[in-house]
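Quick note: residue numbers are just sequence positions, from 1. These figures come from a predicted structure and were not determined experimentally.
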Amino acid sequence: MGEAEFWMIIFAGFVVYIIWGLVFDFVMKEFENIDKIRAFIRGKKENLLDLEKLKTEYTNKINDFKQQIVTANGRISELQSKIDGFVFPVKEYLHYHHQYKEGWFQAINTEIALAHKEKTELLESCELHSEEHLSKLNLVDPDFQHLVYSKN
């Protein structure tokens with residue numbers, strides 16, 4: 001009988017060994033699944049951190065673009081005010097106007113072959129157009145150096 005108890009103990013140990021092996025295998029598979037879940041969660045957290053960095057980077061770029069827009073709008077306003085109201089150099093314009101008129105007078109007197117009466121009429125017409133042009137611009141007898149024009 002001693003020998004049967006020995007073999008029963010060996011057999012029971014073998015059964016316990018198999019049961020513990022199965023339990024260990026089952027536990028290890030569950031840990032492996034848990035580890036996959038943890039790795040997945042870790043990967044998603046890293047993705048979130050990368051997305052947060054991208055969000056911050058894009059937010060900074062957007063702010064830079066907004067700053068550039070504000071700067072450009074300021075520059076546009078500055079240039080628009082220069083366009084809308086510009087300083088017109090009256091004396092310089094009158095100087096060039098009289099030079100131009102004198103050039104026409106010289107050309108009419110020396111280059112065009114007309115009768116004296118027709119030349120005189122043509123010169124008077126030139127003078128009339130010159131005075132009309134200056135009166136349209138309100139520059140007949142200015143006593144100022146510059147005139148500021150603004151948008152109406």
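Partners of Y96 under the side chain to side chain contact (heavy atoms under 4.5 Å, CB included) rule, at least two apart in sequence or in another chain, are E92, Q99. Remark: I18 pairs with F14, L22 by the side chain to side chain contact (heavy atoms under 4.5 Å, CB included) rule, at least two apart or across chains. Taking Y93 as the reference, F88 meet the ring pair (Phe, Tyr, Trp, His ring centres under 6.0 Å) condition, with sequence neighbours excluded. V16 pairs by the side chain to side chain contact (heavy atoms under 4.5 Å, CB included) definition with W20, not counting sequence neighbours. In terms of the side chain to side chain contact (heavy atoms under 4.5 Å, CB included) criterion, residue partners of F105 (sequence neighbours excluded) are, by chain and number, K101, E102, L123, C126, E127. Qualifying salt bridge (charged side-chain N to carboxylate O under 4.0 Å, His left out) partners for E121, counting only residues two or more places apart in sequence or in other chains: none. With sequence neighbours left out, the salt bridge (charged side-chain N to carboxylate O under 4.0 Å, His left out) criterion links K117 to no other residue. Partners of R75 by salt bridge (charged side-chain N to carboxylate O under 4.0 Å, His left out), not counting sequence neighbours, listed by chain and number: E78.
The list of salt bridge (Lys or Arg N to Asp or Glu O under 4.0 Å) pairs with a residue in residues 7-20, not counting sequence neighbours, is empty. Applying the ring-ring contact (aromatic ring centres under 6.0 Å, His included) test to pairs two or more places apart or on separate chains, those with a residue in residues 111-136 are H97-H133.
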Output a table of donor-acceptor pairs, distance under 3.5 Å, between side-chain atoms of residues 25-50 and any protein atom two or more places apart or on a different chain; print 'none' if there are none.
none

Give every donor-acceptor pair under 3.5 Å between a side-chain atom in residues 60-74 and any protein atom, sequence neighbours left out.
from: N60; atom 1: ND2; to: T56; atom 2: O; distance (Å): 3.3
from: N63; atom 1: ND2; to: T59; atom 2: O; distance (Å): 3.3
from: T71; atom 1: OG1; to: Q67; atom 2: O; distance (Å): 2.9
from: N73; atom 1: ND2; to: I69; atom 2: O; distance (Å): 3.4

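Separation of atoms CD1 (I10) and CE (M8) is listed at 12.0 Å; rounding is to 0.5 Å. Summarising the geometry, atom NZ belonging to K119 is positioned 6.0 Å from atom CG belonging to N109; distances are rounded to the nearest 0.5 Å.
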